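Right, one structure below, let's go through it.
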There are 2 protein chains.
Amino acid sequence: MSGRRTIQRSAIIEVIYDATGPLRLEEILELASRKVPTLGIATVYRHLKRLQDAGEVRAVELDINDVRYEPTGQDHHHHFLCRACGDAFNIHECPKGIAKLALPGFEVDEHQVTLYGRCSDCSSSK
Amino acid sequence: MSGRRTIQRSAIIEVIYDATGPLRLEEILELASRKVPTLGIATVYRHLKRLQDAGEVRAVELDINDVRYEPTGQDHHHHFLCRACGDAFNIHECPKGIAKLALPGFEVDEHQVTLYGRCSDCSSSK
DNA sequence: ATAGATGCAAAGAGTTTGCATAGGT
DNA sequence: ACCTATGCAAACTCTTTGCATCTAT
């Protein structure tokens, strides 16, 4: 999982790790471009793929056509997607006993919970 | 908002309504093609879009690059995705008080729960 | 000095659209 | 008869890949 320490790679990784929730590819490109203006989109695609293959980053899809990337290594968490501003937030609580919802005979080894609505900023400024 | 009653339209609608869980576009094309062999993929795309715009069908994405379509009008439910065979199943139970997981100030008006694992067929035939 | 990383542009894959024709009303 | 729906192929969009160059080691 080495790879060379290029400024592009560092910029992309920093952006993903500094985020408070999962980011879209365009957001990663936009934010990392501030640090490395020549950054090309193919490089972002390539690093996201490498980071996923290395198990350091995971893709989550909170809505249709809305793939976002977040570091693995975070505590178990879920997501809130604001339908007004489009931002995604991490939720650190988890409903208990959720695996018991499965039908008999079904083995559950993972689950995902996503809440949709308006974030605090958007709900206060209607 | 009706539209003409063509055999293509009927076939597509039947396939979606007869399914026990949300279907992928290719599955809809494949199943509806048995009834209408000349069916073109563009027609499936067009009907899915129309049905969604009319609020009769909804798209759900249970995993990355895995858009599936299901009728609205079903009771509130969630999904189980089998990682072995790729089939999606509806879950009719729902964890209570899930909206309370949101941070203070966040308004929740919808939620989605997805379980991942092995369905009963796949877990018994390991 | 060498081999991996980058950026560009071309190639793929998936989805949408334009258009002539078929078919529902 | 009219006018929408269909199927094909072209156009788009998003993602991946090839290649010459650059750069970290």
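These figures come from a predicted structure and were not determined experimentally. Naming convention: chains lettered A, B, ... in sequence-line order (proteins, then strands); numbering from 1 in each chain.
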Q: Measure the distance from CG on Leu48(A) to P on dA5(C) and round it to the nearest whole Å.
A: 15 Å

Q. Are OP1 or OP2 of dT6(D) and a side-chain N or O of His47(B) less than 4.0 angstrom apart?
A. yes

(Q) Quick test of your reading of the model: are Arg50(B) and Glu56(B) salt-bridged, counting only N-O distances below 4.0 Å? (A) no

Q | Spacing between Ile7(A) atom CD1 and dA24(D) atom P, to the nearest angstrom | A | 7 Å

Q) So, is Thr6(A) near the phosphate of dT6(C), with a side-chain N or O under 4.0 Å from OP1 or OP2? A) yes

Q. Would you say a side-chain N or O of Arg50(B) is under 4.0 Å from OP1 or OP2 of dA5(D)?
A. yes

Q.
Here's a test of your reading of the structure: between Arg5(B) and Ala42(B), which maps to the more 5' nucleotide of DNA chain C?
A. Ala42(B)

Q. Where does the angle between the aromatic ring planes of His77(A) and His92(A) fall among parallel (under 30°), tilted (30 to 60°) and perpendicular (over 60°)?
A. tilted

Q | Among dA3(C), dG7(C), dG7(D), the nucleotide that comes nearest once only the side chain of Gln8(B) is considered | A | dG7(D)

Q) What is the distance from CZ of Arg9(B) to C1' of dA22(C), rounded to the nearest Å? A) 18 Å

Q | Separation of dC14(D) P from Arg68(A) CZ (nearest whole Å) | A | 16 Å

Q) Reckon Ile41(A) touches a base, only the sugar-phosphate, or nothing at all at heavy-atom distances under 4.0 Å? A) nothing

Q.
Before we go on, tell me: are the rings of Phe80(B) and Tyr116(B) under 6.0 Å apart, centre to centre?
A. no

Q.
Output the rounded distance in Å from CD1 (Ile64(A)) to C1' (dT13(D)).
A. 17 Å

Q: Whole angstrom is fine here: how far is it from CD in Glu27(A) over to P in dC14(D)?
A: 15 Å

Q. Parallel, tilted or perpendicular for His111(A) and His78(A), by the 30°/60° rule?
A. tilted

Q: Show your working on side chain to side chain contact (heavy atoms under 4.5 Å, CB included) between Ile16(A) and Glu70(A) and close with a plain yes or no.
A: CA-CA 6 Å; Ile16(A) 296 172; Glu70(A) 66 178 9; 5.7 Å; no

Q.
Under 4.0 Å from OP1 or OP2 of dT16(D): is there any side-chain N or O of Tyr45(A) that close?
A. no

Q. CG of Asn65(A) versus P of dC12(D): gap in Å, rounded?
A. 20 Å

Q.
Can you say whether a donor on the side chain of Arg4(A) sits under 3.5 Å from an acceptor on the base of dG4(C), or the other way round?
A. yes

Q) Under 4.0 Å between a side-chain N or O of Thr43(B) and OP1 or OP2 of dA5(D)? A) no

Q.
Expressed as a whole number of angstroms, how long is the span from Leu29(A):CG to dT6(C):P?
A. 13 Å

Q: Look at Arg46(A) and dT15(D) and indicate whether a side-chain polar atom (N or O) is within less than 4.0 Å of OP1 or OP2.
A: no

